[in-house]
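The sequence lines fix the lettering, A, B, ..., with proteins before strands; numbering per chain opens at 1.
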Amino acid sequence: MPELPEVETIRRELAPELKGRRVTVARIRRRDIVGHPTPRALRERLKGAAFRGLGRKGKYLIARLDRGRELVFHMRLSGHLEVVGQDERPRFERARFELDDGRALSFVEPRVLGKVYLVEAGCYPPALRGMQAMGCEPVGDGFDRAYLADKLSGRKASVKSLLLDQRVCCGVGNIYSDEALFRARIRPTRPAGGLSSAEVGRLARSLRSVLADGIRWCGTTLSDGRYLRPGTQSGGFQRHLKVFGRKGEKCRRRGCGGTVERVKMGNRNSYYCPRCQR
DNA sequence: CTTGTGTCCTGTAGGC
DNA sequence: TGCCTACAGGACACAA
């Protein structure tokens, strides 16, 4: 499930491949993969488009094109991007952008929940309003205790559910929110507004550090292999997970001896150590 | 406005 | 062996 560190890794590894390239032909294998405009309009407008750079906002990957346009990708749960040779066609390829060097950018998304959008920069359609409403990035400027306190204060919802809210912590998903809460020693079920100032400070710092570590290790590839880097290598952060996916296993904090538990909140799982996290 | 729930989608794991 | 169900989960629509 690509979250901020995974999308950032894709951005860094794809950028040199796309530099100076043009799209010759866009092929849409599954219509539902196109979020805006229509598959036909996207195909027509993309013909000959040149890549100018690769950016990222939260979990969105943004390819800047010529004439002020942007090709925006969202991987959702299982998407990934890779540059492949002419004759290579990855399984679950949903869209393919042939490049002028004979290779192709392939958008692979087994579950077809991901989307690709072609838009005018700064003029986003309703389908992308989530991207505009996004809050501060935990890896960027302005994400500190004061910012987080403002977002969490007075809220009765669980701190976990608010960390997943992209208007609060853009780029954070299920894995990194659980890991950040572990580092901050806070239970995911705690009402957000009930955190002390010190806890909010710890949480802000933990989010920054866990995402930075995720980027350093090129993201998290779970045993299901849902996330892969553009060269189809695995990330490395799964080796550093303290709680996520470790239900029933021993807490990794030295001298703790607790057992990781899993709670279902809404329809998603949260993992935590009941001894370390209060 | 806030909060919780259901839905999208499809491959895979696990049960029987 | 093979079928069937539950599950994964980010974002959003919608209800209370």
Is the closest side-chain donor-acceptor distance between [X] and [Y] under 3.5 Å?
X        : Y        : answer
A:Thr24  : A:Glu98  : no
A:Tyr272 : A:Thr189 : no
A:Gln238 : A:Tyr227 : no

Taking the side chain of [X] as heavy atoms from C-beta outward, which of [options] is closest to it?
X        : options               : result
A:Asn269 : C:dA11, C:dA8, C:dG9  : C:dA8
A:Phe92  : C:dG10, B:dG11, C:dG9 : B:dG11
A:Arg129 : C:dC12, B:dG11, C:dA8 : C:dC12
A:Ala157 : B:dT3, C:dG9, C:dA8   : B:dT3

Phosphate-side-chain proximity, [X] and [N], N/O vs OP1/OP2 below 4.0 Å:
X        : N      : result
A:Gln166 : C:dA11 : yes
A:Arg30  : B:dC8  : no
A:His74  : C:dG10 : no

In whole angstroms, how far is the [atom2] atom of [N] from the [atom1] atom of [X]?
X        : N      : atom1 : atom2 : answer
A:Lys247 : C:dA8  : NZ    : P     : 10 Å
A:Arg268 : B:dG6  : CZ    : P     : 14 Å
A:Arg76  : B:dT7  : CZ    : C1'   : 11 Å
A:Leu163 : C:dG10 : CG    : C1'   : 15 Å
A:Lys160 : B:dG4  : NZ    : P     : 14 Å
A:Asp32  : B:dC8  : CG    : P     : 13 Å
A:Leu162 : B:dT2  : CG    : C1'   : 10 Å
A:Leu77  : C:dG10 : CG    : C1'   : 6 Å

> Mapping A:Pro126 and A:Leu113 to their closest nucleotides on DNA chain C, which lands nearer the 5' end?
Replying inline: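 Going by which nucleotide is closer to the 5' end, it is A:Leu113.
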>> For A:Tyr60 and A:Lys264, find the nucleotide of DNA chain C closest to each by heavy atoms; which residue's nucleotide sits nearer the 5' end?
In response: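 Looking at DNA chain C, the more 5' nearest nucleotide goes with A:Lys264.
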Is it true that [X] and [Y] make a salt bridge, defined as a side-chain N closer than 4.0 Å to a carboxylate O?
X        : Y        : value
A:Glu199 : A:Arg190 : yes
A:Arg229 : A:Glu13  : yes
A:Lys160 : A:Asp178 : yes
A:Arg183 : A:Glu179 : no

What's [X] touching, base or sugar-phosphate or nothing? Going by heavy atoms closer than 4.0 Å.
X        : result
A:Phe244 : sugar-phosphate
A:Arg167 : nothing
A:Lys115 : nothing

> For DNA chain B, whose closest nucleotide is more 5', that of A:Arg91 or that of A:Lys156?
Replying inline: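 Here A:Lys156 is the residue nearer the 5' end.
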>> Tell me whether A:Arg129 contacts the main-chain N or O of A:Pro126 through its side chain, where contact means a donor paired with an acceptor under 3.5 Å.
In response: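 Indeed, once roles are kept as given, a pair shorter than 3.5 Å links the two residues.
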> Side chain of A:Arg111, base of C:dA8: donor and acceptor closer than 3.5 Å?
Replying inline: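 By the distance-only test, yes, there is a pair.
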> Taking five pairs at each end, how big is the angle between the two axes of the helix from B:dT2-C:dA16 to B:dC16-C:dG2, to 10°?
Replying inline: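 It works out to 50° between the end axes.
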